**Student:** 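One structure, as structure tokens, below. Some questions next.
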Protein chains: 2
Amino acid sequence: MDSPDLPRANTHVRRRVTAAMVADHAGVSTATVSLVANGKTQGRVSATNEAKVLASIKELGYVIDSIGSSLSRGVSTTIIMVAPDISNPFFAKVIAGVRSALGSDYQLLLSVTDSGQLPSAADTRRLLGLRPAGLLVDAPDPSFLEELSATGPLVLLDAPGFSDSVPAVNLDVAQGARDLAAHLAAAGHRNIAYIDGITGTTTFALRRSAFLEAAAKLSMQVPEHAQLATTIDVGSTANAFSKAWPEWKKQGITAVVCATDTHAYGVLQEARVEGIIIPKELAVTGFDDLPYSENSNPSLTSVRLPAELLGRRAAEQLLALINGQELNTAQLTLASELMVRSSTS
Amino acid sequence: MDSPDLPRANTHVRRRVTAAMVADHAGVSTATVSLVANGKTQGRVSATNEAKVLASIKELGYVIDSIGSSLSRGVSTTIIMVAPDISNPFFAKVIAGVRSALGSDYQLLLSVTDSGQLPSAADTRRLLGLRPAGLLVDAPDPSFLEELSATGPLVLLDAPGFSDSVPAVNLDVAQGARDLAAHLAAAGHRNIAYIDGITGTTTFALRRSAFLEAAAKLSMQVPEHAQLATTIDVGSTANAFSKAWPEWKKQGITAVVCATDTHAYGVLQEARVEGIIIPKELAVTGFDDLPYSENSNPSLTSVRLPAELLGRRAAEQLLALINGQELNTAQLTLASELMVRSSTS
DNA sequence: CTGAAAGCGCTTACAG
DNA sequence: CTGAAAGCGCTTACAG
């Protein structure tokens with residue numbers, strides 16, 4: 001019943017526009033179309049043909065098919081970032097940094113896993129099957145990396161403790177912890193409490209041990225019973241602090257160092273309710289320097305971790321790898337910065 | 001100088017293992033390898049050959065190249081989800097829902113944009129160049145959709161106000177807002193304040209108008225000057241509430257409805273500081289039912305939006321579309337649920 | 001400057 | 001049950 005000879009343009013099945021169709025339309029070969037579509041005309045395509053092809057591309061709405069292109073080139077123009085946890089503002093900034101460094105030559109795609117789980121071997125393999133131009137892996141666990149042997153360009157983010165030869169960009173949380181200790185010591189504090197997270201995340205362990213060590217050197221006490229761990233949320237920290245404070249006060253605690261700003265918000269909140277004067281009676285500090293820390297009441301002293309820069313540097317390293325350059329240094333460590341605000345001075 | 005005849009297995013350049021290599025190794029054709037690798041052996045490959053190929057696949061570590069496969073099949077096994085904002089716990093739950101519905105047949109990849117920006121036309125085109133099996137678009141803006149005409153399987157999430165023919169899964173925030181109004185009316189409240197977000201997000205507009213309308217029907221007043229808008233953060237809401245409260249109190253306001261739980265936390269925090277008794281003196285409510293709302297002090301009455309279900313249903317609809325099924329209903333709307341807690345009773 | 005042709009790795013009618 | 005062959009859409013030496 002159909003008239004197979006009629007164009008099906010109006011049947012709404014709109015076939016994919018291919019280079020061959022453009023070539024036909026422009027009266028050139030697909031080789032020429034490819035050259036023009038990829039902007040490689042310099043000394044290889046006449047101005048006339050270039051113009052013809054450009055016009056046809058526009059008229060037909062041609063877009064290079066990246067599947068065909070990838071197969072032909074042997075590699076895609078996609079960069080895949082694998083991340084275990086994306087639901088926080090810190091990660092959003094990391095992404096922004098990655099995107100800004102990547103520019104428009106590469107397409108960034110994220111692969112996330114369920115609630116903090118790292119990708120399975122099978123997932124990983126399938127990712128590689130997409131032939132990404134490069135892989136960015138955030139907060140990997142060592143075993144994950146082993147599955148990825150010989151994968152092409154790969155840069156780790158926030159991956160302390162990996163072999164020096166693996167390209168990685170890390171955050172120097174330890175330095176921030178030391179700066180924090182020095183700041184508190186200079187303000188005359190001698191007895192400090194520490195509120196930690198309860199997850200055993202590497203970065204938390206680093207924050208704590210670096211701070212404790214620096215505090216000891218500066219003759220500050222962080223008594224065992226003034227060390228606490230709670231989930232990372234305002235409410236439970238407020239409760240825990242509320243319970244602990246009478247005893248802490250008795251023992252002369254004058255400052256609380258928190259492993260995250262969120263913990264610190266809990267302390268600030270409870271302190272206000274109980275009428276504890278900050279920082280006169282109690283100094284409070286956090287880590288991460290979340291946006292709200294500038295506007296909390298009082299504003300919060302915090303160790304800022306350069307999220308955007310972390311993403312940017314990682315992407316830059318990856319681009320270098322993709323372009324076949326030798327990395328000057330496989331691993332970069334980014335300095336953290338102590339933001340001193342009203343909660344301590 | 002090289003001996004081109006020697007295998008290069010030990011040169012660490014480990015070439016990609018192809019179906020042809022497996023075929024050689026097993027002594028069969030690539031067609032057979034393909035059949036076995038895809039589990040399509042039923043009545044088409046002898047048990048002997050199947051075993052041989054399986055062994056070779058294992059020994060060589062063969063993985064189907066999805067680029068080649070996609071080109072051949074005409075479509076990939078990738079599902080791309082486009083989202084403007086991923087940095088919140090709500091979105092993490094949506095993702096979890098999507099993943100659970102997708103199972104292991106498809107690979108979920110996320111494409112995010114810079115800070116709340118929607119993808120550009122160019123970005124979108126490139127995404128399509130990857131020939132995804134389907135596209136999931138979260139909170140799209142109408143113009144974005146126009147660029148995507150005739151793309152294959154597509155499901156929108158949280159996209160109120162689109163043409164009925166576009167497959168979408170939405171949240172019935174309006175019903176939640178009405179339930180909330182009924183709840184407050186039943187508790188005897190007559191004068192209500194409303195704290196909104198300042199971004200013009202569609203869902204916020206819906207929450208507000210639905211609540212105002214229902215309140216009016218129930219003879220509750222929400223005076224103009226008792227309506228406020230602040231950024232979505234605890235601190236600025238606390239400040240704004242602190243300023244507004246004396247006047248509100250004078251005018252007999254007994255409940256504050258907040259457009260998000262985060263706003264509500266700000267009110268709760270400030271109320272505790274000022275010694276306002278909740279809910280006796282002031283009832284407080286939120287939207288979203290974030291995890292902390294269960295543990296806040298007091299716990300927060302909130303309209304729960306089913307994030308996980310949103311993701312799951314959207315993925316299910318998409319799978320149906322991919323399998324060529326007709327959708328019974330193009331658009332689904334998921335009920336919200338009022339979680340009544342101590343902040344109102 | 002140009003185009004015919006090979007090739008990327010896979011899948012799938014097709015003939016046997 | 002099996003394999004040779006065509007084809008997916010592109011890129012890139014290669015010959016002219």
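So that the names make sense, note that chain A is the first sequence line, chain B the second, and so on, each numbered from 1. As the structure is a computational prediction, the values presented were derived from the model and not from experiment.
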**Student:** With respect to the phosphate group of D:dT12, does any side-chain polar atom (N or O) of A:Lys40 fall under 4.0 Å of OP1 or OP2?
**Tutor:** yes

**Student:** For C:dT11, does OP1 or OP2 lie under 4.0 Å from any side-chain N or O of B:Ser34?
**Tutor:**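 True: B:Ser34 side-chain N/O within range (under 4.0 Å) of C:dT11 OP1/OP2.
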
**Student:** Could you pick out which residue, B:Leu35 or A:Val28, lies toward the 5' side of DNA chain C when each is mapped onto its nearest nucleotide?
**Tutor:**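 Mapping each residue to its closest nucleotide by heavy atoms, the 5'-most match is A:Val28.
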
**Student:** Please state how far atom CG in B:Leu130 lies from atom C1' in D:dC10, giving the value in whole angstrom units.
**Tutor:**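 Taking CG of B:Leu130 and C1' of D:dC10, I get 15 Å after rounding.
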
**Student:** Whether B:Ser69 contacts C:dT11 is assessed here as follows: a side-chain N or O lying under 4.0 Å from the phosphate OP1 or OP2. Is that the case?
**Tutor:**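 True: B:Ser69 side-chain N/O within range (under 4.0 Å) of C:dT11 OP1/OP2.
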
**Student:** Can you check the A:Leu128 CG to C:dG9 P distance for me, whole Å?
**Tutor:** 15 Å

**Student:** By the 4.0 Å heavy-atom rule, please label A:Ala19 as base, sugar-phosphate, or nothing.
**Tutor:** sugar-phosphate

**Student:** Using every non-hydrogen atom in the two residues, find where A:Ala101 and A:Ala315 come nearest and quote the distance to one decimal.
**Tutor:**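 Heavy atoms only, the tightest pair is CB-CB, 3.5 Å.
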
**Student:** Of the listed nucleotides (D:dT11, C:dT11, C:dG9), which one gets closest to any side-chain atom of A:Thr30?
**Tutor:**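 Selected nucleotide: D:dT11.
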
**Student:** Mapping B:Gly27 and A:Ala37 onto DNA chain D by nearest heavy atom, which one lands closer to the 5' end?
**Tutor:** B:Gly27

**Student:** Name the pairing partner of C:dG16, where a pair is Watson-Crick or G-U wobble with both distances under 3.5 Å, or state none.
**Tutor:** D:dC1

**Student:** With nearest nucleotides of DNA chain D determined for B:Ser46 and B:Arg73 from heavy-atom distances, which residue corresponds to the more 5′ nucleotide?
**Tutor:**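 First, find each residue's nearest nucleotide; the 5'-ward one identifies B:Ser46.
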
**Student:** Any idea which of C:dT12, D:dT2, D:dC8 is nearest the B:Arg131 side chain?
**Tutor:** D:dC8

**Student:** Distance check: side-chain N/O of A:Asn49 vs OP1/OP2 of C:dC1, anything under 4.0 Å?
**Tutor:**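 A:Asn49 to C:dC1 OP1/OP2: no side-chain N or O under 4.0 Å.
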
**Student:** Just to be sure I understand the rule, does A:Arg44 reach a base, reach only the sugar-phosphate, or reach nothing, if contact means heavy atoms closer than 4.0 Å?
**Tutor:** base

**Student:** Checking contacts here: which listed nucleotide (D:dG3, C:dG9, D:dT11) is nearest the side-chain heavy atoms of B:Ser72?
**Tutor:**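 Ranking D:dG3, C:dG9, D:dT11 by closest atom to the B:Ser72 side chain puts C:dG9 first.
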
**Student:** Among C:dT12, D:dG9, C:dA4, which nucleotide has an atom closest to any side-chain atom of A:Ala31?
**Tutor:**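 My answer, after comparing the listed nucleotides, is C:dA4.
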
**Student:** A:Gln42 has an atom CD; how far is it from atom P of C:dC1, in whole Å?
**Tutor:**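 Taking CD of A:Gln42 and P of C:dC1, I get 9 Å after rounding.
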
**Student:** Checking the side chain of A:Gln317 only, and the main-chain atoms of A:Thr329 only, is there a donor and an acceptor separated by less than 3.5 Å?
**Tutor:** yes

**Student:** Between C:dG3, D:dT12, D:dC8, which nucleotide gets closest to the side-chain atoms of A:Thr32?
**Tutor:**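 Of C:dG3, D:dT12, D:dC8, C:dG3 is nearest to the side chain of A:Thr32.
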
